[in-house]
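Letters A, B, ... are given to chains in the order of the sequence lines, protein chains preceding strands, and every chain is numbered from 1.
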2 protein chains.
Amino acid sequence: MPLEIPEVVIDRLPMYFRLLTALRARGVSVVSSQELGDALNVTPAQIRKDLSYFGRFGKQGRGYSVQRLTEELRTILGLDQRWRMVLVGVGRLGMAIASYRGFEPQGFDIVGVYDVNPEAVGTELGGSLVVRNVSDLARDLEEQAVDIGIVAVPAGEAQAVIDVLVAAGIGAILNYAPTGAQVPPGVQVRQIDPVLSLQGMTYHLRRREA
Amino acid sequence: MPLEIPEVVIDRLPMYFRLLTALRARGVSVVSSQELGDALNVTPAQIRKDLSYFGRFGKQGRGYSVQRLTEELRTILGLDQRWRMVLVGVGRLGMAIASYRGFEPQGFDIVGVYDVNPEAVGTELGGSLVVRNVSDLARDLEEQAVDIGIVAVPAGEAQAVIDVLVAAGIGAILNYAPTGAQVPPGVQVRQIDPVLSLQGMTYHLRRREA
DNA sequence: GTATGATTGTGCACACTTTCGCAAGCCGCG
DNA sequence: CGCGGCTTGCGAAAGTGTGCACAATCATAC
């Protein structure tokens with residue numbers, strides 16, 4: 001892969017991967033770019049172009065082997081290994097994240113949970129996780145490598161938490177706090193904020209009535 | 001606004017709006033595109049260009065009035081009214097959404113909550129909301145207009161729920177289910193799926209080590 | 001009243017993305 | 001074993017979005 005892959009392409013791969021996984025579960029063994037495109041509302045040409053950045057996985061006249069393509073994407077996306085995450089913040093939102101069952105089957109493990117609130121610290125969560133004090137975060141991260149940080153604290157505390165995570169060498173942050181984050185280059189942040197999504201839709205809703 | 005506004009521009013406006021709201025709360029009265037750009041990690045030129053689609057809100061040599069720009073964006077985005085939403089699915093995730101305090105202050109009200117599970121139906125949620133049966137959804141939507149549907153059901157049930165919402169004339173859907181949705185043109189869907197976000201980051205994480 | 005320093009709004013060029021169009025290749029059937 | 005119907009991969013064209021650079025304009029200070 002000598003060529004530089006556009007970021008937009010990377011962002012579409014997880015969608016492809018998820019659909020392929022579903023197809024595989026349904027017993028579909030071969031699929032064309034046309035069918036994939038219909039299911040995902042993108043053009044077949046786009047799917048073929050996206051995949052062509054990484055190799056030639058299809059067969060003319062047939063389409064793509066669901067199994068083969070699933071495995072290729074798994075490797076490309078780095079999903080052939082497990083990823084270690086820490087969660088910071090165990091308020092209502094943090095609790096919901098901690099108990100979400102969707103991470104583990106996809107290879108994402110929450111290996112540590114933190115909070116500032118002394119009342120929360122020490123609480124045992126669902127599995128074998130005990131909430132630790134956020135002041136231990138920096139030290140803990142030195143001892144056990146962690147790949148991804150999940151931030152679920154109030155907006156005002158988010159940047160401080162993110163700074164600690166970044167200082168500890170974490171390269172990817174999933175930010176549920178409703179605030180933009182400043183990180184040095186090389187560190188990724190994805191924002192999850194339902195309000196931003198809603199606000200993007202109301203613009204169009206307003207115009208629909210007219 | 002005769003000109004067609006690019007979708008990417010619309011998607012950035014909520015970020016601007018959120019930052020401006022925060023600045024206003026901090027008592028900042030004037031801000032330049034440079035300062036906005038620094039805080040949001042975008043170029044000043046992009047901010048100026050984005051805003052120029054809607055009018056000329058700045059003053060040369062000064063910048064933008066925080067108050068003025070906040071109000072302009074509020075109007076543009078349609079946030080000068082309240083929006084009515086129904087939530088479908090009150091599992092762990094749905095409960096967390098129902099109790100999230102971030103919607104109401106931004107003008108989004110959950111006016112109905114639904115589930116298929118008969119055990120959940122009838123339960124009283126936090127405020128004055130009672131969980132209703134999803135089979136009542138279609139009828140209820142006829143009686144009281146609702147703008148936005150929030151889907152928080154398992155992947156397998158999502159499309160059926162979305163179909164009911166669309167049939168009832170809802171124009172915007174916030175989909176927490178980990179599955180793509182098929183909707184007719186004119187209906188908007190925003191996907192909220194932390195796993196997709198994580199999978200987009202692991203691609204880069206893998207390459208960071210090398 | 002004028003000079004100074006700052007910052008907007010925007011035309012334009014560049015860069016990036018998407019889509020088209022088609023040669024090449026594969027499958028199945030007769 | 002050759003023909004017809006499909007479908008990929010990819011070069012090139014078309015379409016979008018971004019950032020630069022600068023004239024126009026504003027506040028302030030002297």
Across the strands shown, which category fits A:Pro6 at heavy-atom distances under 4.0 angstrom: base, sugar-phosphate, nothing? sugar-phosphate
In whole angstroms, the gap separating P of D:dA12 from NZ of A:Lys49 amounts to 11 Å
In whole angstroms, the gap separating P of C:dG9 from CZ of B:Phe57 amounts to 9 Å
Q: Give a yes or no on this: more than 12 heavy atoms of other residues, nucleotides or ligands lie within 6.0 Å of atom CE of B:Met95.
A: no
Practice item. Using only side-chain N and O atoms of B:Thr43, determine if any of them is under 4.0 Å from OP1 or OP2 of D:dG19. Key: yes
Between CD of B:Glu7 and C1' of D:dT18 the distance, given in whole Å, is 17 Å
Report task. Decide, yes or no, whether a salt bridge links B:Arg68 with B:Glu72 under the criterion of side-chain N to carboxylate O below 4.0 Å. Result -> yes
**Trace of the side-chain hydrogen bond (donor to acceptor under 3.5 Å, both in side chains) decision for A:Gln144 with A:Arg84** = CA-CA 10 Å; A:Gln144 70 165 351; A:Arg84 300 165 63 79; 2.5 Å; yes
Rounded to whole Å, the CZ-C1' distance (A:Arg68 to D:dT8) equals 13 Å
Rounded to whole Å, CG of A:Asp50 lies from P of D:dC10 at a distance of 13 Å
Under a 4.0 Å heavy-atom criterion, the protein footprint on nucleotides 21-30 of chain C, written with B, S and -, is B--BBBS---
Considering only heavy side-chain atoms of A:Ser32, the closest of C:dT8, D:dT8, C:dT10 is D:dT8
- Think B:Tyr64 has a side-chain N or O under 4.0 angstrom from the OP1 or OP2 of C:dG9? yes
Can you confirm whether the side chains of B:Asp163 and B:Gln159 place a donor and an acceptor under 3.5 Å from each other?
yes
Atom CD of A:Gln46 and atom P of C:dC16 are separated, to the nearest Å, by 17 Å
Of A:Asp80, A:Asp147, A:Thr75, the one forming a side chain to side chain donor-acceptor pair (under 3.5 Å) with B:Arg206 is A:Asp80
note: B:Gln34, atom CD; D:dC20, atom P; distance rounded to Å ~ 11 Å
* B:Tyr203 ring centre to B:Arg207 NZ or CZ under 6.0 Å, with the angle to the axis within 45°? -> yes
Review point. Hey, are A:Asp50 and A:Gln46 close enough side-chain-wise for a donor-acceptor pair under 3.5 Å?
Key: no
note: A:Leu36, atom CG; D:dG9, atom P; distance rounded to Å ~ 12 Å
### Task
Check whether any side-chain N or O of A:Ser33 sits under 4.0 Å from OP1 or OP2 of D:dT8, and answer yes or no.
yes
